[in-house]
Amino acid sequence: MSIPARPHCHSQEWNLSMSSSVSSKMLSATAAEIRTQFIEFFKERGHDFVPSSTTCPMNDPSLRDTFANAGMNQFKPIFQGTLDPTSPLHGVKRATNSQKCIRAGGKHNDLDDVGKDTYHHTFFEMLGNWSFGDYFKEEAIGWSFELLTKVWGIDPDRLYATYFEGDPKQDLPADLETKAIWGKYLAEDHILPGNMKDNFWEMGDTGPCGPCSELHYDRIGGGRNAAAMVNMDDPDVLEIWNNVFIQFDRLEGGELRTLPAQHVDTGMGLERIVSVLQDKRSNYDTDLFGPLFEKIQALTGARAYNGKLGDEDEGGVDEAYRVIADHIRTLVVAITDGTTPSNEGRGYVLRRILRRAVRYGRQKLGAPQGFLTDLAPTVVELLGGAFPELANDPGRVIGLIADEEESFGKTLDRGIKMYETIGTTELANSWWKYGKAQGKKPGIHSGGTAVFPEDAGYSEDHRYTHEDRISLRFGDDVIWSGKFTDFNLSQFPEPIQIQISGEDAFKLYDTYGFPIDLTQIMAEERGLKVDLEGFERAMEAAKERSRQGGKKNDGERVVELRAEQIAKLGVLHVKTTDDSHKFSGHDTRASVKAIWNGKKFEDHASLGSDGMHRIGIVLDKTCFYSEMGGQVADAGELRCAKSGGVFKVEDTKSFGGYVLHIGRISKGKITCTNDVICHLNTKRRIKIASNHTTTHLLNFALREVLGNSVDQRGSLVNDEKLRFDFVHNSPVTPEEIAKIEEIVNHQIDQNLTVYSQLAPLEQAKDIAGLRAVFDETYPDPVRVVSIGIEVDQLIGNPTNDAWKTASIEFCGGTHIETTTIAQSFALTVEEGIAKGIRRITGLTGELAGKAFAAADELSKRVDALGSLELGELKEAFQQVGNDVDAMELPAARKNALRAQLGSVAKKLKEASKAQAAAKAGMAQELAMGIANAAKGSSEDIIITTLDLGSDRNALEAAVATISKAVPEKAVMVFSTDAQNNRVAVMASVSESMIGRGLKAGDWIRETTSIMGGKGGGRPNSAQGSGSDVGKIKEAAEHARTWAYKQVQG
RNA sequence: GGGGGGCUAACUCAAUUGGUAGAGUGCCAGCUUUGCAAGCUGGAAGUUAGGGGUUCAAGUCCCCUGCCCUCCA
């Protein structure tokens, strides 16, 4: 890592005009040092360092399409009171870190502002300290003041603190406590009241919330009072630290309740505090960005970064620097964390960021293709120290960025072609209108021919292409000619107005992602205008269409436990659920502790009152597995012997350690404190467990076949299938697939015992050959699942290389007892889901058996194809082919069948081709005789009948042969297909005969109508058919007389 | 989740109200030519993404599926 010891100064002038409040020692601190100082400060005060969570959380539904955007994201379950007791965060009272945040997409979207000012970012770091039901306002405020003024040496005279002024409408009192605490540190006129918007923090419409206190800093200082500028978007008086005091829980309907445990959540933007401590007026002038700017300059050859904004920033060069530097940080971080640029959700946000950066680079800095890719390593150097994960596989990140840059180039090129087509059309249309308005004779020629000759009719619908060379005329005078790319209004001899329509501009935006300003720039280059209002209208219309499309809601009540309910259960002395029986899955006697109907706790639930709705039941213990780690929840029943009540469990979820059995009463009544028997749907459980254990075997086999670099990236296990995603750079070959399937089946056949047992994390981590998910945090003690070797043996001698021959994983899921219960494994699908990530889907048990049986059956059918005649083969081949494609088969077998079918297809093709060629040859031969006879004849019209069936190609060959031999004549050939009682007929008419009034299309129509058929075509060539073979003679006769009538008439 | 556009030879793309699926590049062969993406002639190469429908006739129109691009939530 190379971070320059001295920060780069791009705006020296500001340093001169500002009186620095920061001690000279701090002025030389680097961003890395500042980050460390913050974390160390809080560690010294009893905080645990909890590393930044991923920016791309998979398990937070509120962030599915966006990114981690605040320091508290990973602590949300703590604030909500839903943290699982086995979580590593359980028991943490004080935490601190620097969290990676991305603000783009979703509600907080700063993307469009980035670059235009000195402080918006899509990626930033949030320094934070947290108290989870531990210290509160007094300590939080005291420490923030201490860090800022004592450690970092900021003059207190420059600081302003805000507190919540209260809101009578919501019955919220002013936060006078906070005001009083600040009174100990700051002058009275530096403590300011703030409203709901600025000083009351809420996570969402519901959930934890509370007053907050912001700290603002005045960059100018010099004894002035800047209180009036606080929260006024003044770049010199900026918020640097927000202390949130989580006091309340907001319920559905708006009611506020005081939380059982109160928390502190603080956030300080690293980029901002660094700008303050390095005495820079802009975040971009700090050493977090300086090295990036230097690299951008080196890669693009643009002038150096000047730090200018708005109109002062000539050509938008500085803006481009800021955009690119910001975006590349976001890209490297987000891609490292597992998001791939794509066309949906979070990945799409990323793609847009990348394209925005590329566009700014190309347009404003003249950057070459690939410059963004080359910038990525600099980000790794800059941030890799704080976030070591960036250095794990930078090659993958760089490869992805390179691919995206390239594919963006393609989309751009396609869009430019479309733009030029639009421009050509607009130019022609405008020319016509202009000419008419001038009272002259406008004309448009294209490719040497007059598309719209002078003063003739005109159609605005005429399609031009992007490379049409057009000439614009008045009468015979050519006013301008060339391609649209040559056009420039300033050099055009006539004062014509040309405008790109709003619809076209929107089409460019909608189909090729051209932002409207790009279209405008491209239009202005040639002197064209863009109809912006029309664009807005088209945009609105499209949004409306999009809205109309999807509106559905299953209306099912969501049954879950929130912080308030979890706290209530605590008050009621309900202990968290003992779910240790979930591993055995045997029927368990338990007692009902609480019944939650989605709105309140009830004493009992019966078929009459709640049978229709889903409700939740909490027991003291359970054998049900709740959804976790990619394994679906168990289903089954709770039966009450005493009351005869039965509760169907549809889903099982865990909230803060309480297992909620979700489902409906199907019989009788369930009452609190009743004893019930938990009874699993055992068949379903066995299927799930089979799939889960087999997933472990698959993971093991993958390493055996593909090597150690095969890291797990996700998995899903339910009662129907198993799915496993892993890192691998190329498709898994058919041979490898077969080998993997074989290894798994071999292990199943050996009937290995599946051992699982809790073990101390430290020792378990050292087990040789252990498979664990990277970046995952495991509880201590951790559950070790080992197939074929007892866990005690492993722990006794963890580093024994012998263990590498077995599947050993950390896993909290449920498994079968021995491997043969899974019966067999069918690897059905191998596919790529993102660059460098493959997915395998497989089946076990009965379903696997079915897949193998289906493959056997298809195999027989494919073999049987070899003995079929050509006629039968065609149909049978298609049938088998469809079945092979449609059926769920082991992938190895499917591959083999496809290959076998491929060679059959080749044979089939060759045979039918030979047949067609023979037929055509025969047709030609027959036709030749007729042609020779015709040559000597004086007849202008030749009508004949050949026996070619309904083979269109043969008929065509015959007609072509004759008309080639007698190019001045009109030819009609009938062909009978006795089998289907159909007649095919085709006609070819020479130019001279057309001139004399005979058109092939009309001729065919006349003729086929006699035979009960239809047909048509163009003047020179037409075809049709009839359904009455017996009438050929009559039809031919009519064709002859009708044709002569046309020619003579 | 929804809207719009697309999928044609190995590659890049054409194909008028539905009426004979083509061009350039590349490939193969021959000729010409001692050079840097050379010239001429000839040739092979297509399940028009897959399936269904309408029609005398579908690359073209309608429906379904898959994949890609793009926009909106």
Side-chain angles (χ1 to χ4, degrees), chain A residues 64-66 105-107 109 341-345 348-349 351-352 355 404 407-415 417-418 451 459 461-468 503 505-516 535 538-554 831-833 874 877-879 881-886 901-902 905-906 908-909 912-913 920 950 952-960 963-964 977 980 982-988 999-1002 1004-1005 1007-1009 1011-1028:
Chain A
R64 202 178 56 231
D65 291 345
T66 87
K107 250 185 253 168
N109 189 354
S342 74
N343 61 347
E344 53 187 27
Y348 185 51
V349 174
R351 174 170 283 175
R352 260 156 46 206
R355 295 186 167 189
E404 274 295 306
S407 87
F408 181 43
K410 282 186 187 163
T411 303
L412 262 185
D413 287 346
R414 273 197 285 268
K417 271 186 196 168
M418 179 166 170
V451 193
S459 163
D461 295 334
H462 180 77
R463 276 150 68 175
Y464 301 86
T465 74
H466 65 277
E467 47 190 6
D468 269 348
E503 268 174 41
F506 180 73
K507 206 170 171 191
L508 275 171
Y509 173 73
D510 194 47
T511 52
Y512 294 106
F514 273 40
I516 186 67
F535 175 80
M539 178 89 129
E540 262 318 302
K543 276 189 189 171
E544 188 50 39
R545 265 201 311 278
S546 192
R547 260 194 295 272
Q548 292 290 330
K551 288 215 172 115
K552 53 182 172 192
N553 199 345
D554 60 0
E831 62 191 336
I833 55 167
K874 217 169 183 179
F877 169 78
Q878 198 163 13
Q879 195 70 47
N882 282 344
D883 287 350
V884 168
D885 282 346
L901 281 171
K906 209 173 167 188
L908 190 64
K909 211 162 113 184
S912 64
K913 230 173 170 176
S950 55
R952 231 179 80 140
N953 286 324
L955 186 56
E956 203 181 298
V959 172
S963 47
K964 205 173 169 189
D977 181 1
N980 300 311
R982 287 205 75 85
V983 182
V985 55
M986 180 173 285
S988 169
K999 285 182 185 156
D1002 297 340
I1004 284 285
R1005 255 188 296 280
T1007 310
T1008 50
S1009 68
M1011 310 184 289
K1014 283 180 176 174
R1018 296 189 286 200
N1020 63 328
S1021 160
Q1023 57 280 127
S1025 77
S1027 59
D1028 194 343

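Below, read A as the first sequence line, B as the second, and so on, with proteins coming before strands; counting in each chain starts at 1. Because the structure is predicted, anything quoted here is derived from the model rather than measured.
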Query - P spacing across the pair rG5(B) / rC63(B), given as an integer number of angstrom - result: 12 Å

Query raised in the report: Rounding to the closest angstrom, what is the interatomic distance between rU32(B) and rU17(B) at atom P?
Result: 48 Å

Query raised in the report: With nearest nucleotides of RNA chain B determined for Lys410(A) and Gly513(A) from heavy-atom distances, which residue corresponds to the more 5′ nucleotide?
Result: Lys410(A)

Query raised in the report: Considering only the P atoms, how many Å lie between rG18(B) and rC56(B), rounded to the nearest integer?
Result: 15 Å

Query raised in the report: Between rG4(B) and Tyr512(A), is there an OP1 or OP2 to side-chain N/O distance shorter than 4.0 Å?
Result: no

Query raised in the report: Taking all atoms of both residues into account, what is the closest heavy-atom pair of Ala1022(A) and Gly1016(A), and its distance?
Result: CB-O, 3.5 Å

Report task. Could you check how far NZ of Lys1014(A) sits from C1' of rA57(B), rounded to whole Å? Result -> 11 Å

Query raised in the report: Closest to the Asp510(A) side chain: rC72(B), rC69(B), rG4(B)?
Result: rG4(B)

**Report entry** rG26(B) and rC62(B), which share atom name P, separated by this distance in whole Å
**Finding:** 38 Å

Requested in this report: Figure out the CG/P separation between Leu955(A) and rA57(B), and round it to whole Å.
Outcome: 15 Å

Query raised in the report: For the atom pair OH (Tyr512(A)) and CG (Leu412(A)), what is the distance rounded to the nearest 0.5 Å?
Result: 11.5 Å

Requested in this report: Considering only atom P, compute the distance from rC7(B) to rC61(B) and round it to an integer number of Å.
Outcome: 11 Å

Query raised in the report: Which atoms form the tightest heavy-atom contact between Leu508(A) and Gly415(A), and what is the distance?
Result: CD2-O, 3.6 Å

Query raised in the report: Would you write out the dot-bracket form of RNA chain B, 5' to 3', with Watson-Crick and G-U pairs under 3.5 Å, [ ] for crossing pairs, | for pairs to other strands and . for unpaired bases?
Result: (((((((..((((.....[..)))).(((((.......))))).....(((((..]....)))))))))))).

Report summary line: Of Met539(A) and Lys507(A), the one whose closest nucleotide on RNA chain B sits nearer the 5' end is Lys507(A)

Report summary line: The nucleotide from rG4(B), rC72(B), rC56(B) with an atom nearest the side chain of Arg982(A) is rC56(B)

Query - Separation between the C1' atoms of rC72(B) and rU60(B), rounded to whole Å - result: 30 Å

Requested in this report: Looking only at non-hydrogen atoms, find the nearest pair between Ile516(A) and Ala505(A) and report the distance.
Outcome: CD1-CB, 3.9 Å

Can you name the atoms? Protein N/O to nucleotides 15-19 of chain B N/O, anything below 3.5 Å, with the distance.
from, atom 1, to, atom 2, distance (Å)
rG19(B), O2', Arg1018(A), NE, 3.2
rG19(B), N1, Gly1016(A), N, 3.2
rG19(B), N1, Gly1016(A), O, 3.1
rG19(B), N2, Gln1023(A), O, 3.0
rG19(B), N2, Gln1023(A), OE1, 3.4
rG19(B), N3, Gly1016(A), O, 3.2
rG19(B), N3, Gln1023(A), OE1, 2.8

Query raised in the report: What is the distance, rounded to the nearest whole Å, between atom CG of Asp413(A) and atom C1' of rG6(B)?
Result: 16 Å

**Report entry** Pairwise P distance, rA21(B) and rG59(B) [rounded to whole Å]
**Finding:** 8 Å

Query - Partner set under salt bridge (charged side-chain N to carboxylate O under 4.0 Å, His left out) for Asp1002(A), not counting sequence neighbours - result: Arg1005(A)

Report task. Check the distance between rA57(B)'s P and Glu956(A)'s CD and give it to me in whole angstrom. Result -> 16 Å

Query - Closest to side chain of Thr411(A), choosing from rC56(B), rC69(B), rC72(B) - result: rC69(B)

Query raised in the report: Between Leu955(A) and Ala984(A), which heavy-atom pair has the shortest distance, and what is it?
Result: CD2-CB, 3.8 Å

Report summary line: Whole-Å distance, Arg414(A) CZ to rG4(B) P, equals 20 Å

Query - For the student: nearest non-hydrogen atoms of Gly1012(A) and Ser1027(A), plus distance - result: O-OG, 3.1 Å

Query raised in the report: So how far is it from Glu404(A) CD to Thr411(A) OG1, rounded to the nearest 0.5 Å?
Result: 8.5 Å

Report task. For the pair Tyr509(A) and Phe506(A), name the ring-plane relationship: parallel under 30°, tilted 30 to 60°, perpendicular over 60°. Result -> tilted

Requested in this report: Kindly say if Lys417(A) contacts the phosphate of rU12(B), meaning a side-chain N or O under 4.0 Å from OP1 or OP2.
Outcome: no

Query - Distance in angstrom units between Met418(A) CE and rC69(B) P, rounded - result: 18 Å

**Report entry** Closest to side chain of Arg351(A), choosing from rC56(B), rC69(B), rG4(B)
**Finding:** rC69(B)

Query raised in the report: Looking only at heavy atoms, what is the nearest atom pair of Arg982(A) and Ser1025(A), with distance?
Result: NH2-OG, 3.0 Å

Query raised in the report: Rounded to whole angstrom units, what separation is found between the CD atom of Glu544(A) and the P atom of rA73(B)?
Result: 12 Å

Query - Gap in Å between the two P atoms, one belonging to rU8(B) and one to rG46(B), rounded - result: 15 Å

Requested in this report: Take the protein atom CG of Leu412(A) and the nucleotide atom P of rU12(B), then report the distance between them rounded to whole Å.
Outcome: 17 Å

